[in-house]
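Report on one structure; see the data block that follows.
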Amino acid sequence: MRSSQLRAAAAALSLSACVPTFPATYGLSNLQADSTKWPGEALLHFLSRPDNTPADCLAEHLGRTDDALIDPFVAGLERDTVEPDRWARCSLTLLPTLPAESRQRFFARLAPLTRRRLEASDTPRVLAVQRVLAARPREPSPDLERLRRDLASLAVREPSTRRALDLLVRTLELDEGLLDGEPLSPERLATLDDERLLRETEARAPTPELRAAARRRVVRLRLAAASMREVKDRAAEVEAAVMATGRWRQPAASLPPAVVQAPLTLRTALRASQDIDAQVTRLSIDGESPRIDLRPLVRFGVGWSEPLPLCAPPEALDVTPCIDAAEVKVGTGFATLDGDGALVVVDRLAMTDLVALTRAGFGLVVPLLLAGRQVQVLQVPLTLLEPPSSWFEGAAGSRGPAVNVVVVPSTQGLLVEAVAEGGARRRFVLPRGARAFEFGSRGGPGVMGRAGAAGMSGSTGMNGHSASCPGSPGGSGGRGGDGRPGGAGGPGGPGGDGGPLTVELVCGAACEDEAYVRAVFKSRGGPGGAGGAGGPGGRGGSGGAGGMGTSCYSNGRTSFVSGGSSGSSGSNGAPGAPGPRGAPGEDGQVLVVLR
């Protein structure tokens, strides 16, 4: 074997021996700690955990951004441990945060890998590369320029891979101001009808002139396809506005008063999760803070041939006349309208507010105002989740408080207001059909029994006598005394009885909720206290020391007389038995009154 081959084999062996292993549970703090030594491998392992997000692929989270990050991370695209889509999303987040020299190293490593994946007809990974290159920061890369020239002669038979190759070549060409091998010019862009190609040119072309020409061609294609009369009649004005700002915004002050629209009930519902003890409600949509895009839903009739929508983001290059979200006000303290036209609902309500909204029966009502005039009312439905059980509870071992409850049925649930003796008050909304929920008075839990006394330790064994001349060996030490058993724990105290509960159901002529109310509202005895822990057993006494040996001299000779062995330790005492649990309290009386 040649020396160069030997060196390569040794290097490979060294690298394989240094590959780190990481725990299965692996979060951002683990990544930050391990990235000082193995940033590339640590980042790949972080990505392989489904609970982690590619949005955390930032240079600020990594201890190093040198070759120890770039080489393993780019090579990780060829592994099966990370999905190509997650690798691409991580790369798109990471690249803008890296130093320029690290990005160049990234592309130098990515170029040969891309060719290998094309030759292997690995379409998903080629598409991941194309996605990264199409959105990377605009800057020259000699390695990518060489890759584009290499790919011109590459033969690919698999149709899907061929299409991926064409997309990749187009992206690389646009970075150099080329299309189909020919230089791009504003005149050539003005003849193109492929909007996707034009948008990619706007993003990737190397000069402002080419990017502006591609943007203008997109706007003109959209103007040609527009159906609204005002857009056709004022095409030059629309083009100038969209080129400058990305939208054709119509100031509310320049428009006739908007026509009042009928109330609109949204399909998206808010999920209300109640914390009865804390008297707060948390609102969410699909587990996230509530946010509803109103752009597809809201239109303003302001005297134009068609109602006007809220403005789309500037990057959409929408030629439709629109109302800026900043000019629309929301007439409730429970929500705001952000600059993107999304209704942002508070994620925390006082319980009194939830009760008031439920009593009204329309969900969250959101008036929209334009130029100070209410023009639309949105109704956002509320879905009530079953709350956890809640109790007014007595002091330890004491009777639960007396509680008076008023229940008022509504279309969305039962409105509950409860007052306990002493003045404590709780309000909430109980959804019909709750299966495990209970509410009312509960006796205090019994006190825990006293702990058992610790057993006495055993005594130390007697020491053995020392050896003596001429030939009496030392005596063995005595065995240590056994430890005494620990004392038994005391019994737990009894739980308190449930307090008297009076429930007034305001149901009028029909009392369809009576059986449900009787099943939900309870007076429960408190649980008995836990028995005291048994006392620990005494420790066995240590054995006595053996007698010491000695040296004897006789007839000119010295001899050694052995000492005694140490005595064994005594046994530890057994722990005491735990005390029995206290008796639970008795359930209290529940009186349901219909009114």
Side-chain angles (χ1 to χ4, degrees), residues 44 47 54 57 70-80 82-96 98 100 102-185 188-189 192-207 210-211 213-214 217-218:
L44 288 171
L47 275 182
C57 294
I70 301 303
D71 292 355
F73 178 73
V74 175
L77 180 58
E78 293 187 288
R79 302 182 193 172
D80 292 330
V82 178
E83 297 176 354
D85 176 70
R86 285 177 66 80
W87 183 92
R89 286 191 287 147
C90 178
S91 298
L92 288 172
T93 304
L94 177 64
L95 282 172
L98 290 176
S102 296
R103 281 198 299 272
Q104 292 303 321
R105 175 65 178 178
F106 184 99
F107 299 127
R109 294 286 286 113
L110 188 62
L113 180 150
T114 303
R115 177 161 187 135
R116 291 197 301 272
R117 293 299 89 205
L118 282 163
E119 291 170 342
S121 296
D122 189 349
T123 303
R125 285 173 173 79
V126 175
L127 288 174
V129 171
Q130 189 274 333
R131 181 179 172 187
V132 170
L133 297 184
R136 70 184 178 91
R138 271 197 310 267
E139 59 190 1
S141 170
D143 294 284
L144 294 180
E145 292 172 13
R146 283 192 293 271
L147 176 63
R148 177 189 64 78
R149 293 192 293 270
D150 291 345
L151 296 184
S153 59
L154 184 64
V156 175
R157 294 183 179 181
E158 175 64 35
S160 64
T161 308
R162 179 74 237 180
R163 289 191 293 272
L165 172 60
D166 291 342
L167 285 173
L168 179 60
V169 169
R170 188 171 80 179
T171 296
L172 293 172
E173 283 191 328
L174 290 175
D175 285 335
E176 299 181 51
L178 303 173
L179 181 63
D180 298 329
E182 299 294 330
L184 270 175
S185 65
R188 187 179 180 191
L189 287 168
L192 299 179
D193 294 333
D194 185 339
E195 186 171 312
R196 179 176 175 178
L197 170 59
L198 290 165
R199 295 308 300 265
E200 191 173 354
T201 303
E202 183 190 3
R204 301 303 319 161
T207 66
L210 290 176
R211 295 195 292 272
R217 181 57 178 166
V218 171

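None of the values given here were measured: they were computed from a predicted structure. Scope of the values below: all heavy atoms of this structure, side chains included, with no hydrogens, waters or symmetry mates.
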Point-to-point distance, once rounded to the nearest 0.5 Å, from [atom1] of [X] to [atom2] of [Y]:
X: Leu151; Y: Glu173; atom1: CG; atom2: CD; answer: 10.5 Å
X: Leu118; Y: Leu147; atom1: CG; atom2: CG; answer: 8.0 Å
X: Arg146; Y: Leu172; atom1: CZ; atom2: CG; answer: 13.0 Å
X: Leu179; Y: Ser185; atom1: CG; atom2: OG; answer: 10.5 Å
X: Glu200; Y: Asp175; atom1: CD; atom2: CG; answer: 8.5 Å
X: Ile70; Y: Ser102; atom1: CD1; atom2: OG; answer: 5.0 Å

Given the options Arg117, Arg79, Arg116, Arg115, Asp122 meets salt bridge (charged side-chain N to carboxylate O under 4.0 Å, His left out) only with Arg117

List the steps, then state whether side chain to side chain contact (heavy atoms under 4.5 Å, CB included) holds for Leu127 with Leu168. CA-CA 8 Å; Leu127 288 174; Leu168 179 60; over 6 Å; no

For [X] against [Y], the heavy-atom pair lying closest together:
X: Leu44; Y: Pro72; result: CD1-O, 3.3 Å
X: Pro137; Y: Leu95; result: CD-CB, 4.4 Å
X: Ala128; Y: Pro84; result: CB-O, 3.7 Å
X: Ala135; Y: Leu92; result: CB-CD2, 3.5 Å
X: Gly177; Y: Leu210; result: CA-CD1, 4.4 Å
X: Thr93; Y: Pro54; result: OG1-O, 3.5 Å

Give the C-alpha distance, both sets of side-chain angles, the deciding distance and a yes or no for side chain to side chain contact (heavy atoms under 4.5 Å, CB included) between Leu184 and Leu178. CA-CA 5 Å; Leu184 270 175; Leu178 303 173; over 6 Å; no

Any Lys/Arg nitrogen of [X] or [Y] sitting under 4.0 Å from an Asp/Glu carboxylate oxygen of the other?
X: Asp193; Y: Arg217; result: yes
X: Arg109; Y: Asp143; result: no
X: Glu139; Y: Arg103; result: yes
X: Arg86; Y: Glu83; result: no
X: Arg170; Y: Asp180; result: no

Arg211 meets the salt bridge (charged side-chain N to carboxylate O under 4.0 Å, His left out) criterion, sequence neighbours left out, with none

Specify whether Phe73 and Trp87 have parallel, tilted or perpendicular ring planes, treating 30° as the upper limit for parallel and 60° as the lower limit for perpendicular. parallel

Within the side chain of Gln104, is there an N or O that forms a donor-acceptor pair under 3.5 Å with the backbone of Pro140? yes

Given Leu154 and Glu119, is the side chain to side chain contact (heavy atoms under 4.5 Å, CB included) satisfied, shown in steps?
CA-CA 8 Å; Leu154 184 64; Glu119 291 170 342; 4.0 Å; yes

Check: Do other residues, nucleotides or ligands put more than 12 heavy atoms under 6.0 Å from Arg138 CZ?
Finding: yes

TODO: Take Arg136 and Leu144 through the side chain to side chain contact (heavy atoms under 4.5 Å, CB included) test and state the conclusion after the steps.
DONE: CA-CA 12 Å; Arg136 70 184 178 91; Leu144 294 180; 3.6 Å; yes

Only residue of Leu110, Val74, Thr171 satisfying side chain to side chain contact (heavy atoms under 4.5 Å, CB included) with Val129 is Leu110

Non-hydrogen side-chain atoms of Val126 and Leu165 separated by less than 4.5 Å: no

request  = Decide yes or no for Thr201 and Leu192: does some side-chain heavy atom of the first lie under 4.5 Å from some side-chain heavy atom of the second?
outcome  = no

Q: Any chance you could lay out the salt bridge (charged side-chain N to carboxylate O under 4.0 Å, His left out) test for Arg148 and Glu176, step after step, and finish with the verdict?
A: CA-CA 10 Å; Arg148 177 189 64 78; Glu176 299 181 51; 2.6 Å; yes

Contacts satisfying salt bridge (charged side-chain N to carboxylate O under 4.0 Å, His left out) that involve residues 151-162 (not counting sequence neighbours) are Arg162-Asp166

